[in-house]
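Below is one structure; the comments refer to it alone.
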Amino acid sequence: QVQLVESGGGLVQAGGSLRLSCAASGRPFSSYGLGWFRQAPGKEREFVAGISWSGTSTYYLDSLKGRFTFSRDNAKNTQYLQMNSLKPEDTAVYYCAAGRSGALPRRIGDFDSWGQGTQVTVSS
């Protein structure tokens, strides 16, 4: 198991930016892929982005391409989600997650550990 702690959420105006961070402990950080999910009120949890253990392979939800950037720093055991040009529909609780292997995770079943979530609210 991996322990994950998110930070960096908050309230921002539409068009603004936020950077989420997620610090990990437990299994060696460079041994697993990572991901970000989000869940808006009344909606199912949505897979936002994924990254392989090396950071060379990434996945983004189509609607987020060009606005969100997922990165990882294996030396700091930390992953980041840079969110630019935020829209009110990006409002949700954002969760980081750790994959079961080092491959690029592509679905919820590829993950086995979750953070507690951080709220992102985008006002119009």
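Small disclaimer: the values here were computed from a predicted structure and weren't measured.
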Subject >> Euclidean distance, Phe70 CZ relative to Thr58 OG1, rounded to 0.5 Å >> reply: 9.0 Å
Original post:
Could you walk me through whether Asp90 and Lys87 pass the salt bridge (charged side-chain N to carboxylate O under 4.0 Å, His left out) check?
Top reply: CA-CA 5 Å; Asp90 294 319; Lys87 304 176 181 180; over 6 Å; no
**OP:** Answer yes or no: is there a donor N or O on one side and an acceptor on the other, between the side chain of Glu6 and the main chain of Gly117, under 3.5 Å?
**Re:** yes
**OP:** With side-chain contact (heavy atoms from CB on, under 4.5 Å) as the test, would you mind laying out the steps for Leu64 and Arg38 before giving the verdict?
**Re:** CA-CA 12 Å; Leu64 303 179; Arg38 66 184 182 185; 3.9 Å; yes
**OP:** Of all the heavy-atom pairs spanning Gly35 and Phe47, show the shortest one and how long it is.
**Re:** CA-CE1, 4.4 Å
**OP:** Show the numbers, then the answer: is there a side-chain contact (heavy atoms from CB on, under 4.5 Å) between Arg45 and Trp114?
**Re:** CA-CA 12 Å; Arg45 190 168 295 194; Trp114 301 84; 3.4 Å; yes
Subject >> Residues Phe29, Leu34; criterion side-chain contact (heavy atoms from CB on, under 4.5 Å); working and verdict >> reply: CA-CA 9 Å; Phe29 188 72; Leu34 299 164; 3.5 Å; yes
Subject >> For Trp53 against Asn74, the heavy-atom pair lying closest together >> reply: O-ND2, 3.1 Å
Original post:
If every non-hydrogen atom of Ser124 is compared with every non-hydrogen atom of Pro88, which pair is closest and at what distance?
Top reply: CB-CG, 3.9 Å
Original post:
Run the side-chain contact (heavy atoms from CB on, under 4.5 Å) check on Gln119 and Thr91 step by step: do they pass?
Top reply: CA-CA 8 Å; Gln119 177 69 48; Thr91 295; 4.0 Å; yes
**OP:** Check for a donor-acceptor pair, side chain of Ser52 on one end and backbone N or O of Ser57 on the other, with a separation under 3.5 Å.
**Re:** yes
Original post:
Do Leu11 and Val120 share a hydrophobic cluster (ILVMFWY, side-chain heavy atoms under 4.5 Å, transitive)?
Top reply: no
Original post:
Relative to each other, are the rings of Phe37 and Phe111 parallel, tilted or perpendicular (30° and 60° limits)?
Top reply: perpendicular
Subject >> Arg106 charged N/C atom sitting above Tyr59 aromatic ring, 6.0 Å / 45° >> reply: no
Original post:
For the residue pair Val12 and Leu86, what are the closest heavy atoms and their distance?
Top reply: CG1-CD1, 3.6 Å
Original post:
Does Thr78 reach the main-chain N or O of Lys76 with its side chain, forming a donor-acceptor pair under 3.5 Å?
Top reply: yes
Original post:
Under 6.0 Å from the CD atom of Gln116, do we count more than 12 heavy atoms belonging to anything else shown?
Top reply: yes
Original post:
What are the two closest non-hydrogen atoms of Asp112 and Gly99, and how far apart are they?
Top reply: OD1-O, 3.8 Å
Original post:
Same cluster for Tyr94 and Val5 if Ile/Leu/Val/Met/Phe/Trp/Tyr side chains link at under 4.5 Å?
Top reply: no
**OP:** Using the rule that two of Ile, Leu, Val, Met, Phe, Trp, Tyr join whenever any of their side-chain heavy atoms come within less than 4.5 Å, decide whether Val48 and Tyr80 are in one cluster.
**Re:** no
**OP:** State, to 0.1 Å, how close Ser113 and Gln1 come at their nearest heavy-atom pair, and which atoms those are.
**Re:** OG-OE1, 2.6 Å
Subject >> Short side-chain to backbone donor-acceptor contact, Arg67 and Ser85, under 3.5 Å >> reply: yes
Original post:
Where the side chain of Arg100 meets the backbone of Gly109, is there a donor-acceptor pair that is under 3.5 Å apart?
Top reply: yes
